[in-house]
Amino acid sequence: NILVGLPIGYCSLDNLKKDAKITWRAIISWTYPRIKKILKKDKIYYNASMTRLYMDYEDTSHSDEWFKKVRSIWDGKDILLIEGEKSRLGVGNDLFTKAKSVSRILGPAHNAFDQFDNLLAFASSQDKSHLVLVAMGPTAKPLAYELALQGFQAIDIGNLDVEYEWFLRGAVEKIKIPGKYTSEAKGGRIVEDTNDGKYKAQIIAHFKNEA
């Protein structure tokens, strides 16, 4: 029951902006020789770019529909978010307003894998009826995998919230989102503190690396 996805660049460069095409050509030329031995040519892979629905596309006329489809995944469900301590997914927008409830486990903004065991152990202790959404860089994939093996429905939702923020703003380039970690934007790794009471009330655990 593990769905493996590949990014859109491995399927097609159609409708991607010029910069995105250049980036994907570079990525593929660098990574494909190393991963082709584990890819199965007769296998249908899922779309790992389901969380990047706006910024890299020339034609964004379908973005609104795509975001609505992704949001429908958690309609009426209890959500367990595992995210970086500065990510703040859904804060200030309506990404999760139709969810039944939202709980958050926070990990470090950097080097989150150092807390992998703690994050996994705590998440594993939660009710399996929760839909687990993980947004924690490279650490998200093994977390989602291990949780899926335990019977959770877990999804690596990556950059979805930031993409949604860019979409709502009609941004034409990757800009910093105030109050949120925006790693791909200039100055986006410097994040202001928040006094959002609703957000803080949703935090059920916070794992930090030693200074």
Side-chain angles (χ1 to χ4, degrees), residues 1-75 77 79 81-84 87 89-90 93 95-96 112-113 131-149 152-175 177 180-185 188:
N1 294 322
I2 306 294
L3 305 183
V4 179
L6 290 175
I8 192 67
Y10 280 90
C11 176
S12 172
L13 300 182
D14 292 344
N15 193 32
L16 294 182
K17 293 178 180 177
K18 181 180 178 180
D19 288 349
K21 289 180 179 179
I22 293 172
T23 298
W24 275 112
R25 288 191 178 104
I27 291 173
I28 292 171
S29 65
W30 176 254
T31 61
Y32 183 71
R34 290 179 289 173
I35 69 170
K36 64 179 181 180
K37 60 186 177 183
I38 58 174
L39 294 176
K40 300 177 181 178
K41 293 183 178 180
D42 58 345
K43 178 181 176 64
I44 296 177
Y45 289 93
Y46 291 80
N47 185 1
S49 295
M50 61 167 280
T51 65
R52 292 181 177 268
L53 305 176
Y54 173 72
M55 182 56 70
D56 285 343
Y57 293 101
E58 287 281 2
D59 177 10
T60 59
S61 61
H62 296 290
S63 294
D64 185 40
E65 177 188 358
W66 292 342
F67 278 116
K68 287 178 181 177
K69 285 185 176 181
V70 173
R71 289 170 59 197
S72 71
I73 295 172
W74 44 80
D75 280 1
K77 295 184 179 180
I79 294 175
L81 282 171
I82 306 177
E83 61 178 351
S87 298
L89 274 70
N93 63 48
L95 194 61
F96 301 123
F113 197 79
L131 169 63
V132 184
L133 303 177
V134 192
M136 198 167 275
T139 304
K141 290 168 180 59
L143 266 177
Y145 177 79
E146 293 294 339
L147 288 168
L149 292 181
F152 287 90
Q153 182 183 5
I155 307 172
D156 174 7
I157 64 165
N159 216 46
L160 181 67
D161 180 72
V162 170
E163 284 274 330
Y164 191 49
E165 291 280 6
W166 288 333
F167 164 73
L168 293 174
R169 288 167 167 75
V172 296
E173 60 182 13
K174 296 180 179 181
I175 59 173
I177 304 300
K180 298 187 178 185
Y181 190 84
T182 322
S183 63
E184 297 176 7

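For the pair Asp75 and Arg71, the salt-bridge criterion is not met [side-chain N within less than 4.0 Å of a carboxylate O].
Here the side chains of Asp156 and Tyr145 are not in contact, with every heavy-atom distance at 4.5 Å or above. Side-chain contact between Glu184 and Ile175: absent, with no pair of heavy atoms (C-beta onward) separated by less than 4.5 Å. Using a 4.5 Å cut-off on side-chain heavy atoms (C-beta onward), Val132 and Ile82 make contact.
Taking the centre and axis of the six-membered ring of Tyr45, the NZ or CZ atom of Lys43 falls inside the cone set by 45° and 6.0 Å.
Partners of Lys77 according to the side-chain hydrogen bond (donor to acceptor under 3.5 Å, both in side chains) rule, which considers only residues two or more places apart in sequence or in another chain, do not exist here. Partners of Asp161 according to the side-chain hydrogen bond (donor to acceptor under 3.5 Å, both in side chains) rule, which considers only residues two or more places apart in sequence or in another chain, are Asn93, Lys180. Among residues two or more places apart in sequence or in another chain, the side-chain hydrogen bond (donor to acceptor under 3.5 Å, both in side chains) test is passed with Thr31 by Tyr10.
The closest donor-acceptor contact from the side chain of Thr51 to the backbone of Gly158 lies at 3.5 Å or more, if one exists at all. Judged by distance alone, the side chain of Glu163 and the main-chain N or O of Met55 form a donor-acceptor pair under 3.5 Å.
In this structure, CD in Glu58 is found 7.0 Å from CG in Asn15, a value given to the nearest 0.5 Å.
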ring-ring contact (aromatic ring centres under 6.0 Å, His included) between Trp66 and Tyr57, worked out: CA-CA 13 Å; Trp66 292 342; Tyr57 293 101; 5.5 Å; yes
